[in-house]
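Working notes, structure below.
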Amino acid sequence: MSFILQFYGGEYGCICHEEEKLEGKECRRNGKVVLITGCSSGIGHCVAQGLKARGWRVFATARQAIDVERLQADGLESLCLDVCDSVSIQSSVKAVLDRTNGRLDALFNNAGYGQPGAVEDISREALREQFETNLFGALELTNQVIPAMRRQGAGRIVYNSSVLGLVAFPYRGAYVASKFAMEGLADTLRLELAGTGIHICLIEPGPIMSRFRAHAYAAYQRHVCAENSPHQERYAAMEARLLKEGPAAPFTLPPAAVLKRVIHALENPRPRARYPVTVPAYLFAILRRWLPTPMLDGILLRSGGGGRR
């Protein structure tokens, strides 16, 4: 892994020493405000708690009222925010700005899920639902907070993308498409906001311990009819992976690995455009750049395991 980091450098260079410095800072209230989506569990919950411990004023949002109540019981300021609902987005941003006298220093667009299934089995409705949650809501929320950040002359907008925003795995087409689109949107936004003091960053995790597979299985049951599919045999392997207890892929890390990258993206004076998380994310970023497409396809087919990984 150290060889990969030394070899690649640049945009994906090692930030370990910088993270150690940031983690060593005294945790005190810094007066900065962050809004986070998708905090009911996993990455969102970990990042909300981690930033609160570092002195950030955290507005941790979730779609369900029961999750909001639980977050409030954990000592977090929490609001209901459904990224698929424009009214919910607008009212949540207004509520945050009202409580902070118009201040918002950072947004972490974390809410999302993965829709499994072969591309030929994904309906327009399923793809639209995937994009509504993973992309359209994040875009609308971003556009709602930019004016406040422009008034301040500073801000950080962080998108939780994926290694599958860099490369494609079989049977994940809808999710891959949404994350490829997110990467392109964030890159464009970074260029358009150059010189404003607003920084755009992408977090690109590989396998992370979370409830991601449970949500993916629910989406699979909702939208894919395996019995009538030519991919029925592969779906059996995919279902076993989604229902498996514990890590389903090598190099799986806890959500705290993402928290480290988010801290750097929010607190470093010169944040990076991209933050890979886990060995696969670094590795596939390199392979995508250097390998011919047929060779990369072969690696991706083996790595995807026909849906088993």
Side-chain angles (χ1 to χ4, degrees), residues 37-38 40-44 63 82-86 109-142 159-188 202-208 210-244 248-249 277-278 280-281 284 288 293 296-297 299-301 303-309:
T37 63
S40 61
S41 63
I43 291 171
R63 188 167 54 90
D82 182 350
V83 296
C84 296
D85 184 341
S86 294
N109 282 302
N110 169 68
Y113 73 98
Q115 171 65 61
V119 170
E120 65 184 295
D121 291 332
I122 297 297
S123 66
R124 176 179 289 203
E125 177 188 359
L127 190 63
R128 183 184 294 114
E129 187 176 304
Q130 180 78 105
F131 270 72
E132 284 287 352
T133 300
N134 288 12
L135 186 71
F136 300 157
L139 169 64
E140 185 171 3
L141 186 54
T142 294
Y159 291 89
N160 195 19
S161 182
S162 170
V163 63
L164 297 186
L166 302 174
V167 295
F169 272 19
Y171 302 100
R172 296 162 177 83
Y175 183 71
V176 167
S178 71
K179 293 303 184 180
F180 267 60
M182 174 179 281
E183 296 262 336
L185 196 72
D187 283 343
T188 303
L202 285 156
I203 309 293
E204 297 166 333
I208 298 292
S210 70
R211 299 195 69 244
F212 184 87
R213 277 180 287 141
H215 294 307
Y217 184 70
Y220 166 73
Q221 289 188 305
R222 194 163 61 246
H223 288 298
V224 177
C225 181
E227 297 80 23
N228 300 323
S229 171
H231 301 274
Q232 184 175 3
E233 185 177 336
R234 295 296 180 91
Y235 282 154
M238 188 182 74
E239 289 177 26
R241 175 183 65 83
L242 293 175
L243 294 172
K244 181 181 177 181
V277 187
T278 74
F284 283 120
R288 184 187 67 160
T293 297
L296 179 59
D297 282 354
I299 293 172
L300 294 171
L301 283 168
S303 299
R308 291 189 297 272
R309 300 192 185 96

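Quick note: numbers below take in every heavy atom, side chains included, and nothing from hydrogens, waters or symmetry partners.
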Which pair of heavy atoms, one from Tyr113 and one from Ala219, lies closest together, and at what distance?
-> CE1-CB, 3.8 Å
Applying ring-ring contact (aromatic ring centres under 6.0 Å, His included) to His223 and not counting sequence neighbours gives none
Listed partners of Thr142 passing side chain to side chain donor-acceptor pair (under 3.5 Å), at least two apart = Asn109, Tyr159
Check ring-ring contact (aromatic ring centres under 6.0 Å, His included) between Tyr175 and all other residues, then give those that pass, not counting sequence neighbours.
-> Phe212
Please report the closest heavy-atom contact between Gly42 and Ser210, naming both atoms and the distance.
-> CA-CB, 4.2 Å
Ile208: what forms a side chain to side chain contact (heavy atoms under 4.5 Å, CB included) with it, not counting sequence neighbours?
-> Ile43, Pro205, Leu253, Pro255, Val258, Val277, Thr278
Which distance, rounded to the nearest 0.5 Å, do you find between the CD of Glu183 and the CD of Glu204?
-> 4.5 Å
Does the side chain of Arg63 reach to within under 4.5 Å of the side chain of Ser40, using non-hydrogen atoms?
-> no
For Thr188, which residues count as a side chain to side chain donor-acceptor pair (under 3.5 Å) partner, sequence neighbours excluded?
-> none
Nearest non-hydrogen partners of Thr133 and Val83, listed with the distance | O-CG2, 3.7 Å
Which residue pairs pass the salt bridge (Lys or Arg N to Asp or Glu O under 4.0 Å) test when at least one of the two sits in residues 122-139, sequence neighbours left out?
-> Glu129-Arg222
Sequence neighbours excluded, which residues qualify as side chain to side chain donor-acceptor pair (under 3.5 Å) partners of Ser178?
-> Asn134
Where is the tightest heavy-atom contact between Leu242 and Ala216, given as atom of each residue plus distance?
-> CD2-CB, 4.0 Å
Any side-chain heavy atom of Val167 within less than 4.5 Å of one from Phe284?
-> yes
Distance, nearest 0.5 Å, that separates OG of Ser162 from CE of Met182 = 10.0 Å
Over 12 non-hydrogen atoms of neighbours within 6.0 angstrom of CD in Gln221 | yes
Check side chain to side chain contact (heavy atoms under 4.5 Å, CB included) between Glu120 and all other residues, then give those that pass, not counting sequence neighbours.
-> Ala118, Pro230, His231
Gap between atom CD of Gln115 and atom CG of Asp121 - 0.5 Å precision | 10.5 Å
Does Lys244 offer a backbone N or O that forms a donor-acceptor pair with the side chain of Arg213 under 3.5 Å?
-> yes
Do the side chain of Lys179 and the main chain of Asn160 share a donor and acceptor less than 3.5 angstrom apart?
-> yes
Side chain to side chain contact (heavy atoms under 4.5 Å, CB included) partners of Leu243, counting only residues at least two apart = Tyr217
Which heavy-atom pair separates Gly165 from Ser161 by the least distance, and what is that distance?
-> CA-OG, 4.2 Å
Measure across Ala181 and Leu135 and return the closest heavy-atom pair with its distance rounded to 0.1 Å.
-> CB-CD2, 3.7 Å
Quick one: CG on Leu202 to CG on Asp187, what's the gap to the nearest 0.5 Å?
-> 6.0 Å
Asp82: side chain to side chain donor-acceptor pair (under 3.5 Å) partners, not counting sequence neighbours | none
Using the test ring-ring contact (aromatic ring centres under 6.0 Å, His included), find all partners of Phe131 that sit at least two apart in sequence or belong to another chain.
-> Phe136
